[in-house]
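Note sheet for the following structure.
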Amino acid sequence: MDPVRKVKDAVEKVAEALTPDVPGSPGSGTPTVAEPTEPHDPLPPKSEQGTPETRTPTGDTTGATPVSHGQRGTFLTTAQGTRLRDTDHSLKAGPRGPVLLQDHHLREKIMHFDHERIPERVVHARGAGAHGVFTAYGSAEPLTRAGFLKKGRKTKVFVRFSTVLGSRGSADAVRDTRGFATKFYTDEGTFDLVGNNMPVFFIQDAIKFPDIIHAAKWHPDREIPQAQSAHDTFWDFVSLHTEAQHHTIWNMSDRGIPRSYRMMEGFGVHTFRLVNDAGETVLVKFHWKPTLGVHSLTWEEAQLTNGVDPDFHRRDLYDAIEAGAFPEWELGLQAFPDTPEETFADIDLLDPTKLVPEELAPVQAVGKLVLNRVPTNFFAESEQVAFHLGHLPPGIDVTNDPLLQGRLFSYLDTQLTRLAGPNFGQIPINRPHAPVNDMLRDGFHQQAVHGGVAPYRPNSLDGGNPFEATGDGFVDVPVTVAEAPKIRANPVSFDDHFSQVRLFWLSMSPVEREHIINAYTFELGKCYEQAVKERQLRCLANIDPVLCAEVAAGLGLPVPEPTLPLADVAPSPALSQLGNRWPVDGRLVGIVVDAEPANGGAGTDGVDAVRREVFAAGMVPLVIAPHGGTVGDLVVQRSFATARSVEFDALLLAAAPALAQDAVAGRDAKVGAPGADVVDPRVLLLVEECWRHAKAIGAWGAGVTVLERAGVADTPGVVTGRSGSETLAAVSALLANHRAWERF
Ligand code: HDE
């Protein structure tokens, strides 16, 4: 089906579900879901979680015993399958007597609960995952023999997005790098692309990873701040360790506060090596390009969001998928000749603090990822998923990037502890969809009942099984390793720490530069140590004099002299987020309405039609009214008490709701204002915040009064129309630019 049609159909379904004539919607009086009184079967397990099991946990291969071991049958049981008649009362010696030690159900229930938590990830602890499908265009076929990149091939995927620094319960909209890890369940074995939303990293050698993470996470004495880089130890490290400056400017840019996971780019960061059937190789960098474009929050919006809705990105991802606005990315490759120098345009491809500008090496699209299903169980899937860079199918191989090489060790090692034993690959979300026939045996939490007597090679007792692959197995590309002394050192090219930081700065539009200046000023302003601030200013002096002077002015410190000549680099316009128009699918549009005329409001004339037009455009309308429930025929999604501007991408004002009469009376007594003219201050706050955050605002009819009262009428990105429809058209056009940038 045409994807646009598909989104519209799904969006219509949501629209129908929200109309009051649907049983169960507020005002209809008909309950949708009757309280269950009769036992019935639980939902079946998801199909792909059944595969690729061929044996049941009991070793039965006859098919007589079902494979799934959770949630079977209708009745509550113990973990051993004994049906239970009571799970609410402990076994006691009489109703008022002591609890008996022999109560196995009590002990089993509490024991299991006591151990429900597992250690969180040491980095990237906070995250959210989703299932999807990857479809290959075939354009990578000349470069790699990887089957999942052959034209038309569809591969199931699981993606987990994350922040890096915060704990599992920390807020989503913090200033931080985002993880973008993708598991492709290919039929030649699993491929994990474990990337970030920024193309460069803080360090050039994995041996320094504990240092950067110790510096960036909380202070060890008080375990604060949570999920923040705005503190002394972070800036102490990055100002001393100047190779971190490139990644740091990405964090200080709008890329550090994405609007949504759906609106982030992804990067494999390292250079990988592809090999085709003829044994020819190329070096590549992987890119994910979001269909909706790359968009960010503003800093004030991010800070408000973390209080108002700490789960903002998680909720946004799941809401979009459930509304049928499936998030999409194209997978792209930058390909470079595989030369002995491993450089391209003088850029060292093994240095993970360097990017290759797209103007020099265009990103070629090789397939599309669509996320179309939220996890059934957060713990089982998002929490237990384990990615690894060494999960490579035939046709993709690693390079000698020293950061990548260290990561190859780290992920297995950390997962051994986090998932408590070596068999985490058998957890449903981690199981390959390709058939597995390894000779790994036993260990904690072994799920398989392996047959045979000879888990070794060569053997004759199991008939020589399993056999080594002949033509189609994984082959390590036989790269020549130069004869060289054993040494702890970097290539000389790794010493250039500033040229690409300047390249990034020069590539930004004026408004993006302003945001970067503000971010450095905020973060350094939160540091206590004068020496740290001064040292970071010296780094900024080597990036750009204006950047350095502006931040120094904000901190009230002198402007230092650069210690290096400024790099002579050409900007890369592709790095800027501005200048394009993007689809508005899945954008949230708030519509402010008034109470019914009978209750002193102006009513909701024409609002239902606008709401339907918003849906038809693939966006999500949220009606905001003085109270919950319904107003006229409209179902209210947000009341003035629950609505906050940060949730909406654009605001429509259909009315000018007045302050409730009793509140007006109190206010009149204080300031003597004419009661009927007082617009509800919560509506004014919505408008003021949307305006400050440069969001599109539209009004028609009585709604125009609110613009005047808020003092924003006739300013950029604020439109009025003769009808709701006309206003929506103007607001949609503004939304395609993401923000009214002129307002900054
Ligand atoms: Fe990771 N990283 N990392 N990292 N990383 C982990 O593995 C590590 C790096 C990335 O959603 C850990 O299972 C080292 C770069 C993502 O489950 C750990 C180094 C990039 C995720 C680890 C790096 C990443 C992780 C913690 C320096 C982008 C979350 C939990 C050499 C290209 C995956 C785990 C998920 C997670 C180590 C640097 C991305 C400790 C040693 C560069 C997206 O093994």
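Note that the structure is predicted; figures quoted are calculated from it, not measured. For ligands, and for the atoms within them, numbers begin at 1 and follow the listed sequence.
Below 3.5 Å of separation, one finds no N or O of Asn196 facing any N or O of ligand 1.
Residue contact check: Leu403 has heavy atoms under 4.0 Å from atoms 27 (C), 31 (C), 42 (C) of ligand 1. For ligand 1, the atoms sitting less than 4.0 Å from at least one non-hydrogen atom of Ala206 are 31 (C), numbered in the order shown with element in parentheses.
Ser382 pairs by the side chain to side chain donor-acceptor pair (under 3.5 Å) definition with nothing, not counting sequence neighbours.
Remark: Phe378 CZ is packed, more than 12 non-hydrogen atoms of other residues, nucleotides or ligands lying under 6.0 Å away. In this structure, Ile207 places its CD1 atom where only 12 or fewer heavy-atom neighbours from other residues, nucleotides or ligands lie under 6.0 Å away.
Remark: distances from the non-hydrogen atoms of Gly195 to ligand 1 include one below 4.0 Å. Contact between Lys208 and ligand 1 is absent, with no heavy atom of the residue lying under 4.0 Å from the ligand.
Nearest protein heavy-atom neighbour of atom 35 (C) of ligand 1: Arg160 NH1, 3.2 Å. For atom 17 (O) of ligand 1, the closest non-hydrogen atom of the protein is Arg121 NE, 2.8 Å.
Using a cutoff of 4.0 Å between basic side-chain nitrogens and carboxylate oxygens, Glu301 and Arg259 are not scored as salt-bridged. Under a 4.0 Å N-O distance rule, the pair Asp311/Arg126 qualifies as a salt bridge. A salt bridge does not link Arg314 with Asp172: every distance from a Lys NZ or Arg NE/NH1/NH2 to an Asp or Glu carboxylate oxygen is 4.0 Å or more.
Relative to the six-membered ring of Phe267, Lys285 misses at least one condition, a distance below 6.0 Å or an angle of at most 45° to the axis.
Here Val269 has side-chain heavy atoms under 4.0 Å from ligand 1, and that is the only part of it that gets that close.
When the options Thr353, Asn542, Ile543 are evaluated for a side chain to side chain contact (heavy atoms under 4.5 Å, CB included) with Gln245, the one that passes is Ile543.
In this structure, His388 contributes its side chain and Leu408 its backbone to a donor-acceptor pair below 3.5 Å.
Of all protein N/O/S atoms, those lying under 2.8 Å from atom 1 (Fe) of ligand 1 come to 1.
Taking the six-membered ring where the residue is Trp, the centroids of Phe161 and Trp329 are separated by under 6.0 Å.
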